[in-house]
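Whatever order the structure lists them in is the order used to number ligands and atoms, beginning at 1.
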Amino acid sequence: MDSRHLGIGMTSQRTRLRMVERLREQGIRDAVVLAAMAEIPRHIFVDEALATRAYDDSALPIGFGQTISAPLTVARMLELARAGRTPIPKVLEIGTGCGYQATVLSRLAIEVHSVERISALLTKARRSLRELRVTNVRLKHADGTLGFKGGAPYDAIVMAAAAAAVPDELSDQLGPGGRLVMPIGTREQRLVLIERTDRGFTQSVLEEVNFVPLLPGLMR
Ligand code: SAH
């Protein structure tokens, strides 16, 4: 790691370990997710002016009206998606944003596909992933409203933007035992977990969340 990755003061390893300690106190039990988040320098993914807030319990702006999800949100989504599988063979992320969650996923999965509709964000994410030498994440400029057929079937799908309902196409892209985690709702949102079992699909409605909306179409 170079010195920027190591960080100092509010971007140091100690600050990151404190973030992980808080996540544990907030109920995250998955040691593999926590270990990955203890390692990945989150401050690399935000503007330098915001770097000292990168380990706070909050979402932060990343430009284009989008946000990097709060640490607790990322940890919770990935804990639900992983369900103890080490590693997850293949994952799809919808909404790359700055690429932070995709980088955490790169430590939990063998192969990660991540799609983003805003090309400028993808360019930045690509830079950060290269800087951190992440090689098992494939980024694609695409509208993920209906998932991404190119890599299907997936063992897990995580959507980082809220939709009004679960698109059938998304659950169809799950392989056997696959898990889809996404926020559902317009004004009030809830995390929903869809599992593909031998007998079909099960759906669990979980806690209230607050994500940016899933939007159609591509943007430069
Ligand atoms: N995964 C990010 C969170 C990004 S916020 C993190 O690590 O913090 C959600 C992202 O979803 C935004 O960048 C937004 O542009 C993107 N998004 C919204 N609708 C989309 C769509 N239809 N297809 C792909 N990406 C979409």
Please write down residue, atom name and distance for the protein heavy atom closest to [atom].
atom                    : value
atom 21 (C) of ligand 1 : Leu215 O, 3.5 Å
atom 5 (S) of ligand 1  : Thr67 O, 3.2 Å
atom 2 (C) of ligand 1  : Thr96 O, 3.5 Å
atom 9 (C) of ligand 1  : Ala160 O, 3.4 Å
atom 12 (C) of ligand 1 : Gln66 OE1, 3.2 Å
atom 25 (N) of ligand 1 : Arg117 N, 3.4 Å
atom 7 (O) of ligand 1  : Gln101 N, 2.9 Å
atom 13 (O) of ligand 1 : Glu116 OE1, 2.7 Å

Within less than 4.0 angstrom of ligand 1, does Glu93 place any heavy atom?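 Yes, Glu93 has heavy atoms under 4.0 Å from ligand 1.
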Can you list the steps and then say if Leu23 with Leu34 is a side-chain contact (heavy atoms from CB on, under 4.5 Å)? CA-CA 8 Å; Leu23 292 173; Leu34 292 171; 3.8 Å; yes
For the residue pair [X] and [Y], what are the closest heavy atoms and their distance?
X      : Y      : value
Leu129 : Leu139 : CD2-CD1, 4.3 Å
Glu208 : Glu188 : OE2-CG, 4.1 Å
Ala160 : Val212 : O-CG2, 4.3 Å
Val115 : Gly144 : CG2-CA, 3.8 Å

Check each atom of ligand 1 against the heavy atoms of [X] and keep those under 4.0 Å away; list them by number with element.
X      : answer
Val212 : 5 (S), 9 (C)
Ile118 : 15 (O)
Gly144 : 21 (C), 22 (N), 23 (N), 24 (C)
Leu121 : 13 (O)
Asp143 : 21 (C), 22 (N), 23 (N)
Tyr100 : 7 (O)

Do you see a donor-acceptor pair shorter than 3.5 Å between the side chains of Gln101 and Glu93?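 Judged by distance alone, the side chains do pair up.
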Between Arg82 and Thr86, is any side-chain donor less than 3.5 angstrom from a side-chain acceptor?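 Thr86 and Arg82 do have a side-chain donor-acceptor pair below 3.5 Å.
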Just wondering, do Leu170 and Leu146 contact through their side chains at under 4.5 Å, heavy atoms?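 No, side chains not in contact.
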Does any part of the side chain of Thr96, heavy atoms only, come nearer than 4.5 Å to the side chain of Lys124, both counted from C-beta?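 Contact flag for Lys124/Thr96 side chains = no.
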Is it true that Ile194 and Val91 fall in one hydrophobic cluster, defined by side-chain heavy atoms closer than 4.5 Å?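 Not linked; separate clusters.
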Side chain, backbone, both or neither: the part of [X] lying under 4.0 Å from ligand 1 by heavy atom:
X      : answer
Ala142 : backbone
Thr145 : both
Pro213 : backbone

Is any N or O atom of Ile68, backbone or side chain, closer than 3.5 Å to an N or O atom of ligand 1?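 In this structure, Ile68 places no N or O atom under 3.5 Å from an N or O of ligand 1.
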Taking both backbone and side-chain atoms of Gly95, is any N or O found less than 3.5 Å from an N or O belonging to ligand 1?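 N/O-N/O distance below 3.5 Å exists for this pair.
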Is a side-chain N or O of Tyr55 found less than 3.5 angstrom from the main chain of Arg18, in a donor-acceptor match?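 Judged by distance alone, no pair lies under 3.5 Å.
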Under 4.0 Å between a Lys/Arg side-chain N and an Asp/Glu carboxylate O for Arg76 and Glu79?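 A salt bridge links Arg76 with Glu79.
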